Structures are given as C-alpha cells and as structure tokens.
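Working notes, beginning with the structure itself.
Heads up: numbering here begins at 1 and tracks the sequence. What you are looking at is a predicted structure, and each value in this text was computed from that prediction instead of being measured. Atoms within a ligand are numbered from 1 in the order they appear, just like the ligands themselves.
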Amino acid sequence: MDIQKIREDFPILSRTVYGKPLVYFDNGATTQKPRCVVDAIAEEYYSVNANVHRGVHFLSQQATELHEGARETVRKFINARSTSEIVFTRGTTESINLLASSFGEAFLREGDEVIVSVMEHHSDIVPWQLLRDRRGIVIRVIPMTDRGELLTDAYAALFNERTRLVCVTHVSNVLGTVNPVREMIATAHAHGVPVLVDGAQAVPHMAVDVQALDADFYAFSGHKVYGPTGVGVLYGKEEWLDRLPPYQGGGEMIQHVSFERTTFNELPYKFEAGTPDYIGTHALARALDYVSALGMDQIDAYEQELTRYATERLRSIEGMRIFGEAPHKGSVISFLVGNIHHFDLGTLLDRLGIAVRTGHHCAQPLMQRLGIEGTVRASFSFYNTKEEVDTLVAGIERVRHMF
Ligand code: PLP
C-alpha cells in the first residue's frame with residue numbers, strides 16, 4: 001500500500017495542531033474521512049436530495065436507489081445472505097439497544113440469563129442492565145486472563161437452561177484482543193443460544209464474514225469505518241429478525257395503519273421507523289467501497305505490522321505497562337508509563353500534536369478487572385506510519401523526563 005498517496009485522500013491528516021503536524025492515533029474512537037466520502041455527502045445534497053421510499057418523482061426514486069444500493073454494499077461487505085438482514089441504525093449503540101429492546105420483549109423473562117464478557121464496551125453492558133432492572137434478567141460475565149484473553153472453559157461453564165443470549169465484542173476497544181468469536185458462537189449454538197457480536201472495532205480493520213462466523217446478530221458503526229457519523233448497522237439472520245417485534249413505530253416500518261390495528265412492513269423496514277439517514281447510508285457505502293478497493297486483508301496486514309512495530313518501540317520505554325497482550329490483537333495499544341497519570345500524559349502528548357485517548361474508554365468494568373482507573377490508548381489506521389509511531393515514542397520520552 002502506498003501510504004503517502006492514501007494520506008492525500010484524507011485532507012485532515014495534513015493539518016497542524018499547536019503548530020505541529022497532526023499525529024492522529026484516536027482511530028478507535030472515530031476514523032478520519034476520505035475525500036470521496038465527504039464529496040458523496042455534498043453531491044447528494046446538491047443534486048439528488050429527496051425523501052426516500054414514498055416518492056413517485058425522479059429525485060425520490062434516485063435517492064431511494066442510492067439508499068438501497070448502500071444496503072447491498074453493506075450486505076456484500078460483511079457477506080450477509082440478503083439485504084433483508086441489513087438494518088440501518090444510528091450506530092453500534094443503537095443496534096445493540098434495538099436488539100435488547102426487541103429480543104428482550106420477545107424472548108427474555110424474569111430469571112433468564114444473558115452472557116456478556118468482562119471486556120465489553122458500556123454499549124454492550126448497559127442495555128442489558130436496563131433490561132435487568134425492567135425484567136429481572138440475570139447478567140453472567142465471561143472472565144479473562146491477565147493478558148486479556150477470554151477464558152473459554154469458564155465461558156462454556158456459564159451456560160444453563162436459562163441462557164438466552166450471548167453478547168461479545170469481536171475486538172476489544174481497550175485491549176485490542178481479537179476474540180475467538182467463531183468458536184464462541186459454535187459453543188453457544190451447541191446450547192441452542194444465539195450470539196450478538198459487537199463488531200465496532202473489527203469491521204474497520206479486518207474482513208468480516210457474518211456467514212462464516214455464523215453470527216446471529218452483528219453490530220457496527222459507520223463512523224469507525226471511514227463513513228459518516230450517525231449511521232450504523234445491525235445485521236441479523238432473517239430467521240431471527242422475523243421473530244422479533246419492531247423497535248420504534250412510525251414511517252417506513254408500517255404496512256397498514258388503522259386506529260384498530262397496524263400491520264408491519266417486511267424486513268428490514270420493520271426496524272426502520274422514520275426517515276432514515278439516506279445521505280449517511282450512501283456515504284457509508286462510498287467508505288466501504290474505498291476500503292474494499294484498498295483490500296481489507298491488505299489493511300489488516302499493514303495495521304498488524306504497524307502495531308507490532310509500535311508495541312516493540314513502546315516496550316523499550318522505561319516504566320511502560322501495556323494492557324492487553326493476547327497473541328491475536330487488533331491495532332489498539334493501551335498503556336501507562338510509570339506513575340504518570342493517563343490524563344496528564346494524554347494532555348502533554350496533545351500539545352505535541354499527538355491525538356490519543358485517555359480514560360476508561362467506556363469500559364469501566366474492564367478497568368475494575370485490571371485494577372486501574374484508565375489508560376492512554378493509541379489506536380491505528382492504515383493511514384498511520386512508523387514515523388508517526390516514532391513521534392509518539394519521542395513524545396512519551398519527553399513527558400517522562402518532565403516527570
Ligand atoms: N462497541 C465498541 C467495542 C466500541 O469501541 C464502541 C465505540 O467506541 C461502541 C461499541 C459504541 O459505538 P458508537 O458510539 O458508534 O455507537
């Protein structure tokens with residue numbers, strides 16, 4: 001991959017902050033957008049904009065084609081069987097809340113159990129806790145090793161006749177661990193239990209095939225995969241989505257409404273109430289086209305190499321503690337240095353033009369497991385370089401000497 005050429009597609013990467021060239025290492029929180037994605041948004045507003053689905057006129061039909069074409073692009077990208085299985089949402093968080101609401105309504109009764117892992121993002125914990133408060137369900141937690149690997153035997157031992165659903169992140173946004181979700185899904189299926197995979201940190205970095213994983217539900221956010229904010233996806237197997245009640249009412253989700261009775265639209269529209277973000281879905285499709293053209297396997301290989309290099313360089317710093325040392329890791333490194341508070345380190349790195357994230361990364365239960373309050377997190381993209389990693393290492397050394 002020609003990284004310098006790729007960087008030219010991302011105008012923001014050539015800006016400076018505090019007079020220093022920007023080093024953007026906060027890709028786990030959101031990724032920057034290539035010009036083609038931003039242009040797609042402007043172009044659609046300037047030349048196609050009209051509400052989708054219900055218009056007979058030219059613009060509405062063209063906008064509908066772009067929106068439904070985007071659904072097909074997403075389907076292909078994650079290798080779903082049918083576009084009926086692609087529900088557009090606002091993001092991973094809404095996808096999980098949709099599932100918690102609908103699955104909870106249909107299948108969860110007092111005393112039923114949902115399994116989550118200790119390394120889940122709050123978005124895959126709190127919706128289940130809300131259900132616990134409302135319905136009296138029980139949350140069981142998969143533990144992990146100190147290196148940040150889920151304990152598969154302990155996981156298998158959590159199943160019983162009340163287990164109804166497993167929710168697990170594909171890649172940890174803190175530890176970078178790539179969880180063995182295919183094997184975990186097989187274990188759950190052996191007990192007749194479906195699985196939701198939180199793919200927020202996987203889809204931007206590796207080829208994801210929902211059929212090969214045999215995932216029942218799979219959630220991700222557009223803005224983390226070079227697309228716009230406000231658009232996300234819930235993939236669900238048709239046989240499951242068919243059995244779930246609607247999430248919200250109104251707009252495209254109806255078939256017929258009378259004051260006596262309303263019937264609901266077919267999949268996936270049953271779950272898409274109100275005007276969808278059709279500009280956003282089109283822009284997301286352009287983002288997926290962009291990364292597909294680079295090649296997800298090439299992206300994965302480059303980021304792995306960059307992460308290996310960064311891990312090695314960071315390890316050479318005195319007092320460095322890296323959290324998450326699983327053999328199979330994504331492009332995320334969480335760390336602390338000596339007694340320096342993560343917030344101080346992040347703030348001082350920022351002054352050097354280096355954008356990292358600090359804090360609990362919306363994974364407070366994981367922080368409790370690790371016995372810390374927070375970390376500094378550097379998360380990489382294919383547009384990052386080894387020179388930028390060197391800048392980070394030099395920056396940390398500088399801060400370390402100040403302390
Ligand atoms: N799950 C994981 C693993 C994440 O990393 C994030 C975001 O950081 C989310 C869920 C929530 O994503 P969003 O805020 O786009 O809904």
Side-chain angles (χ1 to χ4, degrees), residues 24-33 37 74 78 87-101 114 116-130 141-142 144 148 150 166-179 181 184 195-206 208 213 215 217-235 247 277 280-281 283-284 287-288 303 323-324 326 328-334 355-367 369 374-381:
Y24 187 76
F25 282 159
D26 197 16
N27 295 287
T30 199
T31 49
Q32 299 303 344
K33 316 307 168 196
V37 168
V74 171
I78 60 170
V87 178
F88 283 125
T89 64
R90 283 194 302 121
T92 307
T93 303
E94 191 180 41
S95 296
I96 298 173
N97 276 276
L98 185 166
L99 189 71
S101 166
V114 171
V116 303
S117 90
V118 66
M119 63 175 78
E120 295 311 299
H121 187 280
H122 294 163
S123 293
D124 200 23
I125 298 174
V126 183
W128 308 111
Q129 286 177 328
L130 293 174
V141 181
I142 313 167
M144 67 173 200
L150 291 180
V166 173
C167 308
V168 65
T169 192
H170 197 163
V171 177
S172 161
N173 66 313
V174 178
L175 306 165
T177 311
V178 180
N179 287 315
V181 286
M184 293 177 75
V195 178
L196 160 71
V197 180
D198 174 349
Q201 298 294 341
V203 165
H205 304 289
M206 59 180 72
V208 169
L213 293 175
F217 305 100
Y218 196 100
F220 68 95
S221 299
H223 71 97
K224 291 186 197 285
V225 59
Y226 309 94
T229 51
V231 177
V233 172
L234 176 67
Y235 158 81
Y247 171 50
D277 184 356
T281 56
L284 170 61
L288 299 183
E303 291 179 356
F323 297 89
H328 192 190
K329 270 188 69 166
S331 53
V332 173
I333 306 179
S334 281
V356 290
R357 189 141 290 246
T358 62
H360 54 63
H361 315 297
C362 296
Q364 282 182 324
L366 175 60
M367 294 299 131
R369 165 64 180 82
T375 71
V376 177
R377 181 185 74 182
S379 49
F380 310 112
S381 158

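- Note on residues 90-99: pairs passing salt bridge (Lys or Arg N to Asp or Glu O under 4.0 Å), not counting sequence neighbours, are Arg90-Glu94.
- Of all protein heavy atoms, the one lying nearest to atom 14 (O) of ligand 1 is Thr93 OG1, 3.7 Å.
- If you check each of Glu120, His121, Glu94 against atom 9 (C) of ligand 1, the one with the closest non-hydrogen atom is His121.
- For the residue pair Tyr226 and Ser381, a side-chain donor N or O sits within less than 3.5 Å of a side-chain acceptor on the partner.
- In summary, the atoms of ligand 1 found under 4.0 Å from a heavy atom of Gln201, numbered by their order in the structure, are 3 (C), 4 (C), 5 (O), 8 (O).
- Taking each of Val231, Thr92, Asp198 in turn, the one with a heavy atom nearest to atom 2 (C) of ligand 1 proves to be Asp198.
- Counting atoms of ligand 1 from 1 in the listed order, those under 4.0 Å from a heavy atom of Thr169 are 3 (C).
- Of all the atoms in ligand 1, the ones that sit under 4.0 Å from a non-hydrogen atom of Asn173 are 5 (O).
- Leu213 is listed as a side-chain neighbour of Tyr218, based on a closest heavy-atom distance under 4.5 Å.
- Atom NE2 of His121 is separated from atom CD of Gln364 by 11.0 Å, given to the nearest 0.5 angstrom.
- In this structure, a donor-acceptor pair under 3.5 Å is present between the side chains of Thr375 and His361.
- Taking only nitrogen or oxygen atoms, main chain and side chain alike, Ser221 reaches within less than 3.5 Å of ligand 1.
- Contacts between His223 and ligand 1 below 4.0 angstrom, taking non-hydrogen atoms only, involve the side chain exclusively.
- Not a single heavy atom of Ala29 sits less than 4.0 Å from an atom of ligand 1.
- Using a 4.5 Å heavy-atom threshold, the side chains of Asp124 and Leu196 count as touching.
- Residues meeting the salt bridge (charged side-chain N to carboxylate O under 4.0 Å, His left out) test with Glu303, sequence neighbours left out: none.
- Within the 4.0 Å heavy-atom shell around ligand 1 one finds Lys224.
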